[in-house]
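All heavy atoms count here, side chains included; hydrogens, waters and symmetry mates do not. Just follow the structure's listing: the first ligand is 1, and inside any ligand the first atom is 1.
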Amino acid sequence: MTKKILAFIDHFHGKAQPSSWEGLGLAVKMAADNGGEAAALILGDNLQDLANQAFQYGAGQVFTAENPALKDFRPEIMADMIKIAVEQFQPDVMIFPTTSRGRILAGMSAVDLDTGVMVDVTDLTWEGGKISATRPIYAGKLLAKLQCSTSPQIITLRTRAFDKPEPDDSKSGSATPLDVKIDPSSEMTTVLDHQEKSSGVSLNDANVIVSGGRGVALNPNLEPPGDLDEEAAEIWKAKQGFALVQELADVLGAAVGASRASVDAGYIEYEHQVGQTGKVVSPDLYIACGVSGAIQHLAGMRNSKVIVAINKDPDAPIFNFARFGLVGDMHEILPPLTAELKTYLAG
Ligand SMILES: Cc1cc2nc3c(=O)[nH]c(=O)nc-3n(C[C@H](O)[C@H](O)[C@H](O)COP(=O)(O)OP(=O)(O)OC[C@H]3O[C@@H](n4cnc5c(N)ncnc54)[C@H](O)[C@@H]3O)c2cc1C
């Protein structure tokens with residue numbers, strides 16, 4: 001029997017989360033390897049552009065549920081629409097990106113469809129109709145193998161664990177609209193619909209991340225203005241330190257990350273936090289500046305392909321995970337490193 005994979009495309013007001021295309025790319029690859037069919041499912045309003053993109057990313061079929069009520073995130077209605085799409089397409093596997101919306105809907109769908117969900121998957125094989133999925137557990141110290149004995153097998157993919165395919169502009173198709181049923185009693189008004197506006201590159205999708213830890217505020221050669229109290233002086237010093245981190249990030253086209261210590265101390269906003277209680281990232285290059293490498297920070301970045309650590313303590317745990325290490329004061333190392341890279345990349 002033909003194997004079918006349905007990929008959920010998460011988007012915010014028509015702009016897809018890049019990890020959605022990673023999920024669709026995986027679905028297309030699984031279908032090609034197993035003689036199956038890959039379809040995309042998109043919920044929202046005005047979905048023509050997204051549907052076209054889904055065809056370009058390789059979907060053989062695109063299901064859409066279009067309705068002004070679905071413009072904002074409406075989990076109950078959306079879970080109902082997913083159920084309808086599953087009844088119509090009968091997928092063996094359903095893939096969600098590990099975004100906030102993807103996680104919520106994957107869980108709700110698993111309950112609605114009386115099946116299991118394998119979350120935060122970083123690798124998988126598919127043999128004899130059964131997925132064997134891998135996910136890091138215990139802050140990334142162990143890799144668990146998961147299987148789901150019910151159908152459809154639902155998985156959420158860790159962002160950037162799977163390749164994003166190249167879209168093919170020559171591909172097109174007609175979307176299959178689903179019959180949107182909205183129970184009037186479920187009507188609700190969206191009071192606030194807000195997406196965090198990170199300045200610059202988004203942490204989740206970044207190829208390169210430059211992170212700052214508590215060391216950003218520890219520049220022994222910097223004298224804050226005399227009228228600041230101790231706490232304000234520390235923040236002032238941290239801002240100067242993060243400016244160095246930002247300059248390097250700008251040169252590399254990178255996102256800025258941070259440890260929880262930096263966030264808790266008020267040096268930078270929570271949206272930059274990497275780790276167990278922050279974002280889990282897996283960029284090609286992660287440069288940790290003044291970060292000690294606590295287990296909870298490692299939980300968010302140890303899957304980075306190349307880790308570079310800059311720390312003045314040669315025994316800092318981060319060096320055990322770094323491919324390259326620079327022992328020294330980050331405030332002295334970063335300016336010439338940034339200048340050197342700027343010249344190198346310009347030439
Ligand atoms: C339940 C729980 C959840 C947590 N979740 C997270 C999380 O999501 N993310 C996270 O990051 N942490 C998390 N933590 C906190 C974590 O345990 C650490 O406290 C935190 O990661 C430490 O941050 P840091 O490395 O910036 O600071 P520190 O551990 O204080 O390290 C600062 C480092 O900077 C170096 N340094 C100092 N001055 C300089 C200089 N001038 N130049 C270069 N290096 C310098 C020091 O040698 C040191 O290694 C969590 C903790 C708990 C209990």
Side-chain angles (χ1 to χ4, degrees), residues 98-100 103 119-120 135-142 158-160 196 198 202-204 206 209-224 230-231 233-249 254-283 286-304 307-339:
T98 305
T99 55
S100 323
R103 275 191 293 220
V119 300
D120 204 20
R135 74 164 293 213
I137 56 169
Y138 297 122
K141 282 194 152 184
L142 288 179
R158 181 175 284 198
T159 302
R160 286 181 52 83
E196 280 176 6
S198 48
S202 136
L203 260 188
N204 283 332
I209 294 173
V210 187
S211 261
R214 211 195 301 263
V216 293
L218 301 173
N219 182 351
N221 302 317
L222 196 63
E223 214 29 71
E230 202 180 323
E231 195 184 330
E234 183 186 327
I235 300 271
W236 183 88
K237 284 179 94 171
K239 298 277 176 219
Q240 318 303 311
F242 261 115
L244 301 178
V245 169
Q246 182 71 60
E247 278 164 29
L248 177 57
V256 170
S259 70
R260 176 158 158 184
S262 293
V263 173
D264 285 352
Y267 303 164
I268 191 163
E269 299 79 30
Y270 170 72
E271 62 175 299
H272 294 273
Q273 185 179 315
V274 172
Q276 188 180 316
T277 45
K279 296 209 166 84
V280 176
V281 297
S282 40
Y286 189 91
I287 306 178
C289 311
V291 175
S292 60
I295 177 91
Q296 296 88 353
H297 189 79
L298 291 166
M301 46 63 78
R302 67 193 294 165
N303 282 345
S304 307
I307 297 171
V308 176
I310 304 174
N311 197 303
K312 70 177 193 184
D313 175 5
D315 296 323
I318 189 84
F319 286 125
N320 297 329
F321 299 87
R323 174 94 62 91
F324 302 100
L326 291 158
V327 178
D329 187 334
M330 57 167 280
H331 306 95
E332 288 173 13
I333 291 173
L334 284 184
L337 179 66
T338 303

*From the options Leu334, Ile287, Ile268, select the one residue that forms a side chain to side chain contact (heavy atoms under 4.5 Å, CB included) with Val245.*
Leu334
*Side chains of Arg214 and Ser259: do they bring a donor and an acceptor to under 3.5 Å?*
no
*asked:* Asp120: which residues meet the salt bridge (Lys or Arg N to Asp or Glu O under 4.0 Å) condition with it, sequence neighbours left out?
replied: Arg158
*asked:* Going by the rule side chain to side chain donor-acceptor pair (under 3.5 Å), which residues pair with Ser304 if we only count those two or more places apart in sequence or in a different chain?
replied: none
*Sort out the contact shell of ligand 1: every protein residue with a heavy-atom distance below 4.0 Å, listed by chain and number.*
Gly213, Arg214, Gly215, Leu218, Ser259, Arg260, Ala261, Gln273, Val274, Gly275, Gln276, Thr277, Gly278, Gly290, Val291, Ser292, Ala294, Gln296, His297, Asn311, Lys312, Asp313, Gly328, Asp329, Met330, His331
_Ser292 vs Ile318, test: side chain to side chain contact (heavy atoms under 4.5 Å, CB included). Steps then yes/no._
CA-CA 6 Å; Ser292 60; Ile318 189 84; over 6 Å; no
*Does Asp313 have any salt bridge (Lys or Arg N to Asp or Glu O under 4.0 Å) partners at least two apart in sequence or in another chain, and if so, which?*
none
